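Notes for the one structure printed next.
Bear in mind that the values here come from a model prediction, so they are computed numbers and not experimental data. The sequence lines fix the lettering, A, B, ..., with proteins before strands; numbering per chain opens at 1.
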2 protein chains.
Amino acid sequence: MRGQTLVWEGDDAIIVANIISGILKVSMSISDGREQIVGVIFPADFIGRPFGQKSPYSVTALSDAELCIFSRSSFDAFARNHPALEHKLLQRTLEELDRAREWMLLLGKKTATERIATLLLEMSIRLSETGCSVEQNELNEFALPLDRQQMGDVLGLTIETVSRQLSRLKADGVIGLPDRRMVSIQDRRRLQDLSAAA
Amino acid sequence: MRGQTLVWEGDDAIIVANIISGILKVSMSISDGREQIVGVIFPADFIGRPFGQKSPYSVTALSDAELCIFSRSSFDAFARNHPALEHKLLQRTLEELDRAREWMLLLGKKTATERIATLLLEMSIRLSETGCSVEQNELNEFALPLDRQQMGDVLGLTIETVSRQLSRLKADGVIGLPDRRMVSIQDRRRLQDLSAAA
DNA sequence: TCTTCTGTTTGATCTGAATCAAGGAAGATC
DNA sequence: GATCTTCCTTGATTCAGATCAAACAGAAGA
């Protein structure tokens, strides 16, 4: 259910799950309330912390979602006896690590405009991978799974800066904003230039 | 050899290696030269990108180092036939992902002072884990494996900000700086408070 | 010893994004 | 249809850290 938190930062990591549908966020926070979203999970992705005692982060649904949940202990045992599953899990974890590091570059070095451009492109790609029926690799209009506050928490920016940057991209004709959740990419090339890709 | 780059960002990922001794950095950069250090690798850690075509990041020695190198293709094949190795690799990758996410919180939300305090504590812990002969978990004086520029590149700060923050911690009696590489932690409790841990 | 070079510190100023502060729009609820 | 309520936008101001600009320290040569 949207808004529901499945795992709390610091709690015992008792579950592991596979996402069937829906989108979730993985977040970490500081005691004074500052929060950073450290991952966005799409269908077919994995959540949980196998082989660990505590979960270092929270997992919360951003939309209604269907999951396939396992208890961690039984999952751990099962995985150890099924190398193919562990192999798949290793691959996904390596991909997730690559994405986390890509995001460290964004958080450490990119400007606000570059961050927003990068996020919009990333969302368009990951959402198109999700809607897997059609092989559409250039999703140019989509509903953001994040509100402005959450975009700020992913990008290390405030809600006001996110809003201002989006307004500017719209004014420049790079994107359209039909409503608060929808984005249309009108000039993908320009957005790529603005994203300061490697 | 110190300063030597073993893997270039974007190159074919042809090697995989286990670190015997020494310290290395993993970094990503933007075409205009901005660089973010996305990982620091200690002895017993792993480098390389198994099961991938391109390495998304560079790996460079920060000190002289000894590695145990495998060609990626033979390693991949070997790993697939040795579940225990894959299991170990999965565990290490999960740990590295946790560290990367912890750092995303730092890069996205922490102040300069908090970043420096966090780095000093992290270094004291990881260096003490490395010098594994003695079970010393509170390493209070150590040589930084990073120079000021590199500290800035890990923390998403400039060299001047790093220097100023260190000077202030020294002036406040929290740390000592016997020479440009050495740090002594004089008030660990205070450093922990300043680090804004979860 | 003097010089050079590299890395570091410190100071002055600037600036991008944060913070503070209203408004506005679009659903919900009554 | 009016009134909340929630989320978003826009404007004014501030501030932490970046940038610009010198000096300084210590190691390595000459």
**Asked** For C:dT8, does either OP1 or OP2 sit under 4.0 Å from a side-chain N or O belonging to B:S163?
**Response** no
**Prompt:** Counting only non-hydrogen atoms, which of residues 172-179 of chain A are less than 4.0 Å from DNA chain D?
**Reply:** none
**Asked** Under a 4.5 Å cut-off applied to non-hydrogen side-chain atoms, are B:R99 and A:L97 in contact?
**Response** no
**Prompt:** B:D172 side chain to B:V174 main-chain N or O, any donor-acceptor pair under 3.5 Å?
**Reply:** no
**Request:** Step through the shown structure and confirm whether more than 12 heavy atoms of other residues, nucleotides or ligands are within 6.0 Å of CD1 on A:I14.
**Result:** no
**Prompt:** Which whole-number value in Å describes the distance from A:Q149 CD to C:dA18 P?
**Reply:** 11 Å
**Request:** Go through C:dA17, C:dT9, C:dA25 for me and flag the one nearest to the B:R148 side chain.
**Result:** C:dT9
**Distance in angstrom units between B:L146 CG and C:dG7 P, rounded** = 14 Å
**Request:** Might you confirm whether atom CZ of B:R2 has over 12 heavy atoms from other residues, nucleotides or ligands at distances under 6.0 Å?
**Result:** no
**Asked** Under a 4.0 Å heavy-atom cut-off, which of residues 164-171 of chain A touch DNA chain D?
**Response** A:R164, A:S167
**Prompt:** Once you round it to whole Å, what is the distance between P of C:dT8 and CG of B:L157?
**Reply:** 15 Å
**Message:** Can you tell me how far apart OG (B:S55) and CZ (B:R72) are? Round to the nearest 0.5 Å.
**Reply:** 10.5 Å
**Prompt:** Under 4.5 Å between any side-chain heavy atoms of B:Q36 and B:D153, yes or no?
**Reply:** no
**Common cluster, A:V38/A:L94, ILVMFWY with side-chain heavy-atom separation under 4.5 Å** = no
**Flag for A:R188-A:S124: side-chain donor and acceptor within less than 3.5 Å** = yes
**Request:** Please figure out whether A:R180 or A:T111 has its closest DNA chain C nucleotide nearer the 5' end.
**Result:** A:T111
**Request:** Assert yes or no for the condition that the ring centre distance of B:F75 to B:F51 is strictly below 6.0 Å.
**Result:** no
**Asked** Starting at CD1 of A:I159 and ending at C1' of C:dG24, how long is that distance when rounded to a whole Å?
**Response** 14 Å
**Gap separating the CE atom of B:M151 from the CG atom of B:L144, nearest 0.5 angstrom** = 5.0 Å
**Message:** Output the rounded distance in Å from CG (A:L155) to C1' (C:dA18).
**Reply:** 15 Å
**Prompt:** Between A:R181 (CZ) and C:dG27 (P), how many Å, whole number?
**Reply:** 12 Å
**Prompt:** On DNA chain D, which is the earliest and which the latest nucleotide, 5' to 3', with an atom closer than 4.0 Å to a heavy atom of chain B?
**Reply:** D:dG17 to D:dA25
**Asked** How would you label the contact of A:G156 with the nucleic acid (heavy atoms, under 4.0 Å): base, sugar-phosphate, or nothing?
**Response** sugar-phosphate
**Item:** Pairwise side-chain contact, B:W103 with B:L119, heavy-atom cut-off 4.5 Å (strictly under)
**Value:** yes
